[in-house]
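What follows is a single structure, written as structure tokens, with notes after it.
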Amino acid sequence: MKTLNQMDETEFLRHCYMIADKVATLLTETQVMELRKVGPILTGSETPDELKAKKEAQGRKNIKAMAKKLLFDNAQNTAELLPLLYELETDKDGNPEEMTPFKTLRVITETINDRDVLDFLSSLVRLAQTDIGG
């Protein structure tokens with residue numbers, strides 16, 4: 001199996017385009033980014049420390065809600081991203097290698113641990129969120 005960081009430039013760019021396209025669709029369909037905007041309930045009398053604590057607690061709740069929306073409520077759509085992170089090798093008969101959840105997890109871990117790939121993919125997500133169509 002070849003991961004993103006092992007692909008040549010052409011393969012890498014094609015996979016990145018497919019990832020950006022899928023992420024844009026996923027973000028639009030799930031509206032998951034709207035969950036980042038949920039703020040804490042404030043009384044108006046919070047001290048700076050209380051305000052900071054409430055914002056941090058709400059941030060954790062928002063991340064959990066985003067994870068649930070992507071990994072549970074929309075697991076099938078999110079799972080369609082995973083094969084875009086790698087390219088399967090084939091045996092001499094042309095059969096692709098078998099993927100298991102743990103092999104897929106290893107690929108994801110290798111990908112997110114590669115700072116260059118992660119930075120580039122993050123920039124693609126930001127680009128996918130930008131409406132350049134006018």
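All values below come from the heavy atoms of this structure, side chains included, with hydrogens, waters and symmetry mates left out.
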d(Glu34 CD, Asn62 CG) to nearest 0.5 Å is 11.5 Å
Give the C-alpha distance, both sets of side-chain angles, the deciding distance and a yes or no for side-chain contact (heavy atoms from CB on, under 4.5 Å) between Met99 and Tyr86.
-> CA-CA 11 Å; Met99 287 302 288; Tyr86 54 83; 3.8 Å; yes
Glu46 and Ile41 have their tightest heavy-atom pair at OE2-O, 4.3 Å
Sidechain-backbone polar pair: Lys69 side chain, Thr30 backbone, donor-acceptor under 3.5 Å = yes
The single option from Asp119, Thr109, Asn5, Thr3 passing side-chain contact (heavy atoms from CB on, under 4.5 Å) against Asp114 | Asn5
Neighbour count >12 (heavy atoms, 6.0 Å) for atom NZ, Lys52 | no
Determine whether Met18 and Val23 fall in the same hydrophobic cluster, where Ile, Leu, Val, Met, Phe, Trp and Tyr are linked whenever their side-chain heavy atoms lie under 4.5 Å apart.
-> yes
Distance (rounded to the nearest 0.5 Å) between Ser45 OG and Leu51 CG | 10.5 Å
Assess whether side-chain contact (heavy atoms from CB on, under 4.5 Å) is satisfied between Thr90 and Glu97, documenting all intermediate values.
-> CA-CA 6 Å; Thr90 56; Glu97 66 182 294; over 6 Å; no
Donor-acceptor contact below 3.5 Å, side chain Asp91 vs main chain Asp93 = yes
Take atom CD in Gln76; do more than 12 heavy atoms of anything else shown fall under 6.0 Å from it?
-> no
Should Glu89 and Lys2 count as an ion pair when the cut-off is N to O under 4.0 Å?
-> no
Leu88 and Pro96: which non-hydrogen atoms are nearest, and at how many Å?
-> CD1-CB, 4.0 Å
Salt bridge or not for Glu11 and Arg14, using N-O below 4.0 Å?
-> no
Is the number of heavy atoms from other residues, nucleotides or ligands under 6.0 Å of Glu29 CD greater than 12?
-> yes
Quick one: do Met33 and Ile63 end up in the same hydrophobic cluster if we chain Ile, Leu, Val, Met, Phe, Trp and Tyr together by side-chain heavy atoms under 4.5 Å apart?
-> no
Closest non-hydrogen atom pair between Phe12 and Leu4, with its separation = CD1-O, 3.5 Å
Note: Lys54 and Pro40 closest approach over all heavy atoms is O-CB, 3.7 Å
With sequence neighbours left out, what residues match Lys61 under side-chain hydrogen bond (donor to acceptor under 3.5 Å, both in side chains)?
-> none
Of all the heavy-atom pairs spanning His15 and Leu84, show the shortest one and how long it is.
-> ND1-O, 2.9 Å
Just wondering, do Arg106 and Met1 contact through their side chains at under 4.5 Å, heavy atoms?
-> yes
Which distance, rounded to the nearest 0.5 Å, do you find between the CD of Glu80 and the CD1 of Ile19?
-> 13.5 Å
Shared hydrophobic cluster, Met7 / Leu13 (ILVMFWY, side-chain heavy atoms < 4.5 Å) | yes
Indicate whether the side chain of Asp49 and that of Thr47 have a donor and an acceptor atom separated by less than 3.5 Å.
-> no
Member of Val38, Val32, Leu71 meeting the side-chain contact (heavy atoms from CB on, under 4.5 Å) criterion with Met66 = Val32
Would you mind reporting whether Val107 and Lys103 have side-chain heavy atoms less than 4.5 Å apart?
-> no
To the nearest 0.5 Å, what is the distance between CG (Leu105) and CG (Leu82)?
-> 9.5 Å
Output, in order, the C-alpha distance, side-chain angles, deciding distance and verdict of side-chain contact (heavy atoms from CB on, under 4.5 Å) for Leu70 and Leu26.
-> CA-CA 9 Å; Leu70 290 171; Leu26 187 63; 3.9 Å; yes
